[in-house]
Amino acid sequence: MEEKLSLTSSSKWIATVAGIWIQCSVGAYTFSIYSSALKSSQGYDQSTLDTVAVFKDIGSNAGVLAGMLYSAVAVGNNRNSNGNNYHWGGPWVVHLAGAIQNFVGYFMMWACVVGLIGRPPVTVMCLFMLLSSHSMTFFTTANMVSGVQNFPHSGGTIVGIMKGFLGISGAIVIQLYDTFWEGKPSIFLLMLALLPTFVTLVLMFFVRIHKSNTANDQKHLNGFTIVALIIAVYLMILIILENIFSLPLWARIFNFVLLLLLLASPLGIAIKAQKDTKKFLETLPLENDPSMENPIAYDELPGGEGQVDADLDDKILSDEEGMNLLQSMCTINFWLLFVAMVCGMGSGVAVVNNLSQIGQSLNYTTMETKNLVSLWSIWNFLGRIGAGYLSDYLLHTRGWARPLLMAITLATMGVGHLVVASGLPGTLYVGSILVGICYGSQWSLMPTISSELFGVRHVGTIFNTIGIASPVGSYIFSVRVIGYIYDEEAKGEDDSCYGTHCFRLSFMIMASVAFLGFFVALTLLFRTKRFYQLVVLKRIKLKRSKCENFHLQGNIR
């Protein structure tokens, strides 16, 4: 029985590694790589191209269907007595649905670009873009929500890891593209159709839910975070070298093989975690429940926040946890979070959608523009994984509510928009760093806050619904602001605009909106401050009870 429990507990690490690898294959935020081929082959102007891009944002963020499917096949309905999913249900169903959409959407776009089929109407191209990008929500929902359920007391960290690897997947896939097919954007579209589909079909059965917790989970999760940071630094070095030197084919292949070895390293962490978990479980008898709470009703919160009466405030926790979508939408907190994400995610994704055109207007070379897209993936990744880890650390050690970090990053994003609007030399690089990091942080903070305020049972549906804020904001800022102002300023025969005036007003508007999001996040902070005090207290007591039980059993032995 003890051996069986050990295997059940440890397999969640393999599920985490499989989820990481699937996330790495997606190739997110690479629209700028193939947007020029799409624009020229289909004869689009900038506003039309931005309209197609908006459907990409709608698909990649409107994951309500993914959340509903996950709730139907993977949450509490298809479990055996050991808490694991039956083979006929589970996250793999969500992965399969995503793989089918990914292949159909990208393959049809590739066929249009290379002329395999006739030039379709804009509405049909928007449908292809919607399908291809919608697959991302299925991959992310299956991997991230399974991770939150496997590691319920490290929600910020696991969300940051999954969202972080998704953010850096663009730079990873671009490295594969540069190594073998540089300068052929149509091949890049075909690669996006095949790579995520193949990787998902191979690994989807390994992503499963395992209801077990051990005291040393955070240590090994931090190992995944460190590996991710090493990969990000390595990719940044490669991008800088490629920008300075013209590397021969053998050097590019060698660099890519090293990248593959780094991507394989999480498997070693998972194996080590399995061994440590087995040793830990062998020190505890099964009849002891390490999650039994400390009976003390009062405790001192970290950071000098004062005492909390847990018995009197239990109702606050029970009222908020376990909500479904409709219940959560009836709360003010849901809409504050939604508006904050319109301001942050919307303005952020509008930047990455137009990086190619912004670089072109400032006379950046094609190589420099491509490097901007790759670097955006890295900054986006750092924001996702950094905000996830930092929010967990500040919550557990200082008692700081996560909306505080959200407010700080939204204010910093506003500064980044102003930096780009200044039009000074090099400011596009500096501004993209600030905006990229702060944009990525929203994707770690929003799902984690959603799981804490509304519960984990329906979090896949809830956070994907809030994620609709991203395409809503993208449409407003990409089409109605950036696209409209750009077309008004364009005077060339090819509908192109050159100079800092092409985007200055757009970025000043987006800076104002980001600062509005800052004030909305502050409102959410004040409304949820008491709730987060209770969350901290609950986790302090849980950790204390685990330590006391562990030391007690050690003394008995």
Any side-chain heavy atom of [X] sitting closer than 4.5 Å to one from [Y]?
X      : Y      : result
Lys163 : Ile385 : no
Ile466 : Phe334 : yes
Leu166 : Arg384 : yes
Val351 : Ser432 : no
Met323 : His458 : no
Met125 : Phe55  : no
Ile230 : Ile226 : yes
Val349 : Tyr439 : yes

Atom pair [atom1]/[atom2] of [X] and [Y] - distance to nearest 0.5 Å:
X      : Y      : atom1 : atom2 : value
Thr523 : Leu337 : OG1   : CG    : 12.5 Å
Leu38  : Phe128 : CG    : CZ    : 11.5 Å
Leu395 : Trp400 : CG    : CH2   : 12.0 Å
Ile231 : Ile168 : CD1   : CD1   : 6.5 Å
Leu453 : Arg527 : CG    : CZ    : 10.0 Å
Tyr44  : Lys39  : OH    : NZ    : 12.5 Å

Under 3.5 Å donor-acceptor, [X] side chain and [Y] backbone:
X      : Y      : answer
Ser361 : Tyr498 : no
Ser391 : Gly388 : yes
Ser444 : Ser441 : no
Ser328 : Leu325 : yes
Thr331 : Gln327 : no
Trp379 : Leu434 : no
Ser132 : Tyr106 : no
Ser169 : Ala28  : yes
Gln442 : Met345 : no
Asn102 : Leu192 : yes

Taking every non-hydrogen atom, the tightest pair across [X] and [Y]:
X      : Y      : value
Phe338 : Thr465 : CE1-O, 4.0 Å
Pro91  : Ser146 : CG-OG, 3.3 Å
Ser422 : Thr427 : OG-CG2, 3.5 Å
Phe515 : Ala411 : CE2-O, 3.5 Å
Ala350 : Ile482 : O-CD1, 3.9 Å
Ser451 : Thr448 : OG-O, 2.7 Å

Point to revise | Derivation of the side chain to side chain contact (heavy atoms under 4.5 Å, CB included) call for Phe477 and Val513 | key: CA-CA 10 Å; Phe477 302 122; Val513 171; 3.4 Å; yes

Check your understanding: Taking it one step at a time, do Thr48 and Asp45 satisfy side chain to side chain donor-acceptor pair (under 3.5 Å)?
Key -> CA-CA 5 Å; Thr48 305; Asp45 59 17; 2.7 Å; yes

Measure up the [X] and [Y] rings against each other and bin them: parallel (under 30°), tilted (30 to 60°), perpendicular (over 60°).
X      : Y      : result
Tyr177 : Phe188 : perpendicular
His134 : Phe138 : perpendicular
Tyr486 : Phe503 : tilted

Exercise for review: In sequence, state the C-alpha distance, the side-chain angles, and the governing distance for Thr141 and Asn464, and then conclude on side chain to side chain donor-acceptor pair (under 3.5 Å).
Suggested key: CA-CA 8 Å; Thr141 298; Asn464 276 311; 2.8 Å; yes

Exercise for review: Could you walk me through whether Thr140 and Met162 pass the side chain to side chain contact (heavy atoms under 4.5 Å, CB included) test, one step at a time?
Suggested key: CA-CA 7 Å; Thr140 302; Met162 291 301 173; 6.0 Å; no

Check your understanding: Could you walk me through whether Leu49 and Phe31 pass the side chain to side chain contact (heavy atoms under 4.5 Å, CB included) check?
Key -> CA-CA 11 Å; Leu49 183 65; Phe31 177 74; 3.8 Å; yes

Point to revise | Residues forming a ring-ring contact (aromatic ring centres under 6.0 Å, His included) with Tyr389, sequence neighbours excluded | key: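 With sequence neighbours excluded, Tyr389 shows a ring-ring contact (aromatic ring centres under 6.0 Å, His included) to no residue whatsoever.
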
Review point. Who are the ring-ring contact (aromatic ring centres under 6.0 Å, His included) partners of Tyr429, not counting sequence neighbours?
Key: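 In terms of ring-ring contact (aromatic ring centres under 6.0 Å, His included), with neighbours along the sequence ignored, Tyr429 is linked to Tyr364.
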
Exercise for review: Could you please spell out the steps behind the side chain to side chain contact (heavy atoms under 4.5 Å, CB included) verdict for Phe151 and Thr157?
Suggested key: CA-CA 9 Å; Phe151 303 97; Thr157 302; over 6 Å; no

